[in-house]
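Values in this document were obtained by computation on a predicted structure and should not be read as measured data. Numbered from 1 within each chain, the chains take letters A, B, ... in sequence-line order.
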Amino acid sequence: MGMTITEKILAKHAGRAKVEPGELLICGVDLVLANDITAPPAIWEFEKIGQGKVFAKDKIALVLDHFAPNKDIKSAQMCKVVRDFAFAQDITHYYDVGRMGVEHALLPEIGLIAPGEVIIGGDSHTCTYGALNAFGTGVGQTDIGAAMASGSSWFKVPPTIKVELTGHLPPYVKGKDVILSLIGMIGVDGARYRSLEFSGDIAQLSADDRLTICNMAIEAGGKAGIFPFDAITEKYLSGRAARPYEPVAPDGDAAFEQTITLDLSRLEPVVACPHLPENVKPAAQLKQTKIDQVIVGSCTNGRLSDLKQAAEIVRGRKIHEGVRMIVLPATQAVYLEAMERGYIKDFIEAGAAVSTPTCGPCLGGHMGILAAGERAVSTTNRNFRGRMGHVDSEVYLSGPYVAAASAVLGRIAHPAEI
Amino acid sequence: MRKKAGNVWRYGHHVDTDVIIPARYLNIADHHELAEHAMEDIDADFAKQARTGDYIVAGKNFGCGSSREHAPLVLKVRGVPAVIADSFARIFYRNAINIGLPAMEIGEEVEKIEDGDTLEVDAAKGEIKITNKNITIATKPLPGFIQEITKAGGLINYVKGKN
């Protein structure tokens, strides 16, 4: 029996010819990531080991993106822990305010992720990197601290679910609608302890769409979400990941635990209603839902194509008087390019606020906290109770088209209404 | 006082890391200060009234969401000796192992345990006694590798031992 992409990548990093689901392995890791929430405790765990130096200063990425620019003194103290460590250890990939972006948008963009690699991150959305044919998975700060010392981590080989994508995407349907529709089908634990491998008619999905899809594999409980390597992956990596890499394809007789077929031609713009990402409904059925805030941004949908979609909707229009629209380009490069293309002007002229890159509102950190009873439509990835502020607020998840159309109409809207 | 030691605080399915410890507190470095906010968004009584030795028992997919290790940590700091659930989200389970908080996955048997029940738990043996009902639930022991980490007192000690 052959192996899946997941099994091949883990086997190679464990120095094994063959692995099977359920096996526990120690694998070498190509990159260890942490942010301003998870890096400080990881650093304290690392220090307990007493090794002194990290295993490789160029295989650790530290990104200050959650509470940075610092929202208060406690956050400033946490960021300082990371900053001091980064300078003391001479960490190559350290990104602070002015250079940082939302980690899962930044790392692929600057070429730190390549096919066949194993990346662990102190952030659950580390699964984003599967879009580039890599194995990325989220872990806690103890794992990060241990891996910063040892360069390796323990893994249980997950069973793999094959997601066969068929048909052609209708207008206004993008990566977010694909992944929300899948989570709506299988539930927030539908891929628990499993890897999701996508296949089928993937040529219509841009690298940005794939990054969005893999980003939310964790929202189905997935350990990883992985796309095969193709011309789109190769083009995205060109000029970014300069080092040699080896694309990984599944064997023809790979043992998938199950196959799920998703007919893309039947999809429509969707929204995940509170308080779980699996509560997915067509946007067109939620037109009575009045809203107070719209967020466009995050590691899920803060890339250039996301801002382009939102800008197309708001261009020449005004944000509804009852709505605060906040746009967060995910990285400095996205911000700059969006400015040069006129998207930022479109947003500001429409009455939206545009911010420096930050994860702030996504996790209820800062820059867009909801009061009791308020509702937001957000392009982020979670709508758990209290996620974006008061425990009695509500978050509706969507792609940028629906979010921008909702901002204009003051209620949840289908983009075709604009 | 609502509870006494060894009592059960029973929750439903998909208890996520945002309610176990809301992100708005994640800039707090002190574990005891953090633990004062454990579970507060779904149960304001827990942090105030739970006593050392009380158990958290829940349905499917406990700990879904964030990789924040603060989630199992605040429960451990709050004196919870083990979390028992139908099933656990992957990262929470892993984090619980790494910090030495027993996470016992017992499937639908969890339905036998109700809010306010009293338990005696032997996590090493995988045995849960519901003392007020005279019911014993036997679970599978943890895999050997995971027992090694637990025996070492968590992942950091395990790595130290290997170096």
Could you walk me through whether A/Phe384 and B/Val15 pass the side-chain contact (heavy atoms from CB on, under 4.5 Å) test, one step at a time?
CA-CA 9 Å; A/Phe384 299 147; B/Val15 173; over 6 Å; no
Does the ring of A/Phe155 carry B/Arg94 above it, NZ/CZ under 6.0 angstrom from centre and within 45° of its axis?
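Positive - B/Arg94 is close enough to the ring of A/Phe155 and near enough to its axis.
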pair [X]-[Y]: side-chain heavy atoms closer than 4.5 Å:
| X | Y | result |
| --- | --- | --- |
| A/Arg385 | B/Asp18 | no |
| B/Leu26 | A/Phe67 | yes |
| B/Asn27 | A/Gln77 | no |
| A/Ile37 | B/His70 | yes |
| B/Ser67 | A/His125 | no |
| A/Ile49 | B/Ile156 | yes |
| A/Thr38 | B/Arg68 | no |

Assess whether side-chain contact (heavy atoms from CB on, under 4.5 Å) is satisfied between A/Trp154 and B/Tyr158, documenting all intermediate values.
CA-CA 12 Å; A/Trp154 65 274; B/Tyr158 178 81; over 6 Å; no
Pick one of side chain, backbone, both or neither for A/Asp72, based on which atoms fall under 4.5 Å of a heavy atom in chain B.
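The side chain, not the backbone.
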Which region of A/Leu25, side chain (C-beta onward) or backbone (N, CA, C, O), has a non-hydrogen atom less than 4.5 Å from a non-hydrogen atom of chain B, or is it both or neither?
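When you check distances to chain B, no heavy atom of A/Leu25 falls under 4.5 Å.
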A/Asp143/B/Glu69 under side-chain contact (heavy atoms from CB on, under 4.5 Å): CA gap, chis, key distance, verdict
CA-CA 10 Å; A/Asp143 277 313; B/Glu69 203 170 294; 5.7 Å; no
Leading residue by heavy atom contact count with chain A [cutoff under 4.5 Å; candidates B/Pro72, B/Ala23, B/Ala71, B/Gly65]
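Of the candidates given, the most pairs with chain A belong to B/Gly65.
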What option among B/Cys64, B/Ser87, B/Ala29, B/Pro22 has the most heavy-atom pairs under 4.5 Å with chain A?
B/Ser87
Step by step, work out the side-chain contact (heavy atoms from CB on, under 4.5 Å) result for A/Ile218 and B/Ile91.
CA-CA 10 Å; A/Ile218 179 69; B/Ile91 306 176; 3.9 Å; yes
Determine the minimum heavy-atom distance between B/Phe88 and A/Tyr193, stating which atoms define it.
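Minimum heavy-atom separation between B/Phe88 and A/Tyr193: O-CE1, 3.3 Å.
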Which one wins on heavy-atom pair count under 4.5 Å against chain B: [options]?
| options | value |
| --- | --- |
| A/Ile73, A/Leu276, A/Thr142 | A/Thr142 |
| A/Val81, A/Leu363, A/Asp189, A/Asp392 | A/Asp189 |
| A/Arg382, A/Lys48, A/Met78 | A/Arg382 |

